[in-house]
Amino acid sequence: MAALADTLREKIRTRRARTGVVGLGYVGLPLAVELGKAGFHATGIDLDSRKVQAITDGRSYIPDVPTADVQDLQRRGRLDATTDFAIVRELDTINICVPTPLRKTKDPDMSYIVSAVEGIAKHLHPGMLIVLESTTYPGTTDEVVQPMLEATGLKAGVDFFLAFSPERVDPGNPTFQTHNVPKVVGGFTPTCSQLAGELYGTAIETIVPVSSTRVAEMVKLLENTFRAVNIGLVNELALMCDRMNINVWEVVDAAKTKPFGFMPFYPGPGLGGHCIPIDPFYLSWKAKQTGFDPRFIELAGHINGGMPHYVADKVAEALNTRRKAVNGSKILIAGVAYKRDIDDMRESPAMDVMGLLLARGAEIAYADPWVPEVHGREWSGGYDVKAVDMTRGQISQYDCVVIVTDHKAFDYKALVEEADVIVDTRNAIKGSHPNVFKLGAPREAAATEGDRVAIA
Ligand SMILES: NC(=O)c1ccc[n+]([C@@H]2O[C@H](COP(=O)([O-])OP(=O)(O)OC[C@H]3O[C@@H](n4cnc5c(N)ncnc54)[C@H](O)[C@@H]3O)[C@@H](O)[C@H]2O)c1
């Protein structure tokens, strides 16, 4: 074992190690590029032949990864990609970055991890380092991955090295990217930990070793559950503020001036993305298996899951001030990506808001510079919708505009000037305007036509 570890350590040090990344998505492609930049030959393995072709053509399809980087590495022979797991025979290290969604029942869907590990196991050879990065429940590495790899006859910690290292990438974040977000690493053995730490240390500034794969798995779930619960808390506060005629945005902004003991979270139309709405349920699923009832996670899920309904009610309230019903109204959804300035629509609450308004009889259109089309399978409408223009002159044809995602590219001044009523779920429009209804803010900040009629 010591000889295998020493050989791999030396290969990592001299960059002769052939590195591989399974799953070239939002997490895997940036990692493969960092490994290439660190001087390794990095090979991506993905079942999606379009992604493999893009890398072969020297093209990036992930906004955070410049095409120039992919092109440069590909030309210098530092980055390539394949759909064929046979390449594993030539690799020394593999990072697994495949999806970990939930099934409809909110149980973990482990099928992507299982299929990736099956592909690796067929070609596993002594001296390899395998690191799982996909977010998952504590125990996955030693209960699922280890037995599958050991079925080859090779032993973890002896013949090959195994670790878990959670990915913490924040798509669209200009400050923190793969190379400067500290990397937590937990190995199956201390040697596994060290080797994984040495590999990451070539490409990532700070490595945080922890004592086991399970601790590393739990770290990620704590981080994301922390966000889900705090967002749930502030969403509940927004609902309370709505009843009490208090502006929740002003409350959070003032509270965050406290220099210690407080961290701002903001309300919104509901949770989105591949992580926050999903990962906590990996933890609650596992906790329930031990007979433990994880109440915070369930409660936050309940409150956050109800936010799209609240937004739909707010739209009805706004239209009501114009003596209009949702039924038959033309409603423009501004922004369908799950957060600002990205193209990722996974779990986006915009899909729920659109579906709820459609169910109430609205005519739905959407604008999003990042998302040209919403496919029928992505929302309950079941039909494809193409993005429309939301520039000046195009806005007044709608009865209501709902800001679900506060992209920077939107012309908010034009919106305020031209829209009849706006429901702003992100506090994207500053100040109070008579035609703007904010989530979690008082009615009087939005004096209405109906009010004016009543007062007159
Ligand atoms: N996107 C994020 O912001 C983020 C942040 C932190 C952690 N994560 C976690 O990282 C993991 C990956 O997420 P992502 O956003 O990169 O997903 P993604 O969907 O963007 O990419 C996953 C890739 O894996 C490929 N794939 C699926 N099954 C495969 C298989 N058996 N073999 C080879 N390739 C396969 C898919 O084709 C896809 O290209 C998930 O567990 C996620 O929870 C994601």
Side-chain angles (χ1 to χ4, degrees), residues 20-34 43-55 59-65 70 81-88 91 94-102 108-123 130-138 140-141 144-145 148 164-173 176-178 181-184 204 216-217 219-228 271-283 337-348 378:
V21 176
V22 177
L24 287 176
Y26 288 91
V27 168
L29 182 60
L31 177 65
V33 165
E34 289 303 332
T43 298
I45 306 174
D46 202 297
L47 301 182
D48 184 344
S49 55
R50 289 165 307 178
K51 287 185 175 144
V52 169
Q53 190 58 50
I55 302 303
R59 211 168 11 92
S60 172
Y61 44 87
I62 299 285
D64 286 340
V65 177
V70 173
T82 174
T83 55
D84 188 353
F85 274 84
I87 194 73
V88 171
L91 302 180
I94 291 186
N95 298 76
I96 305 172
C97 310
V98 295
T100 43
L102 288 176
D109 177 355
M110 302 303 285
S111 60
Y112 299 90
I113 291 185
V114 167
S115 111
V117 176
E118 268 168 7
I120 295 166
K122 281 192 197 127
H123 308 286
I130 312 292
V131 189
L132 179 61
E133 294 210 11
S134 303
T135 307
T136 182
Y137 59 81
T140 305
T141 309
V144 177
V145 181
M148 286 181 70
F164 182 85
S165 178
E167 181 46 59
R168 293 162 140 179
V169 71
D170 180 19
N173 188 322
F176 293 109
Q177 297 193 337
T178 302
V181 177
K183 197 91 174 95
V184 172
I204 295 171
E217 288 159 339
V219 167
K220 175 72 186 178
L221 293 179
L222 167 62
E223 290 168 4
N224 284 358
T225 303
F226 171 82
R227 282 189 65 74
L271 294 182
H274 188 12
C275 296
I276 312 297
I278 291 176
D279 302 347
F281 291 100
Y282 268 69
L283 180 54
Y338 84 84
K339 70 172 180 177
R340 179 198 295 171
D341 297 342
I342 62 164
D343 65 352
D344 192 346
M345 283 181 54
R346 288 176 293 181
E347 310 296 323
S348 173
E378 290 169 321

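Order of appearance sets the numbers: ligands from 1, and atoms from 1 within every ligand. Residue indices begin at 1 and follow the sequence shown.
Note that the CG atom of L132 and the CD1 atom of I96 stand 5.5 Å from one another [nearest 0.5 Å].
Without hydrogens or angle criteria, Y112 side chain to S134 main chain gives no donor-acceptor distance under 3.5 Å.
With no hydrogens or angles considered, a side-chain donor-acceptor pair links D109 and S111 at under 3.5 Å.
Only the backbone of I45 comes within 4.0 Å of ligand 1, counting heavy atoms alone; no side-chain atom from C-beta on gets that close. Residue R346 touches ligand 1 through its side chain alone, judged by heavy-atom distances below 4.0 Å.
The one candidate from V21, V98, T83, L24 that meets the side chain to side chain contact (heavy atoms under 4.5 Å, CB included) condition with D46 is L24.
Distances shorter than 4.0 angstrom occur between a heavy atom of C275 and an atom of ligand 1. The closest approach between a heavy atom of K220 and any atom of ligand 1 is below 4.0 Å.
Proximity to V22 (heavy-atom distance under 4.0 Å) selects the following atoms of ligand 1: 32 (N), 33 (C). Close approach of ligand 1 to K51 is summarised as follows: ligand atoms under 4.0 Å from at least one heavy atom of the residue are 38 (C), 39 (O).
Nearest-heavy-atom check against atom 2 (C) of ligand 1 across T135, V21, V181, V169 picks out V169.
Within 6.0 Å of atom CZ in R346, more than 12 heavy atoms from other residues, nucleotides or ligands are found, so the atom counts as buried in its surroundings.
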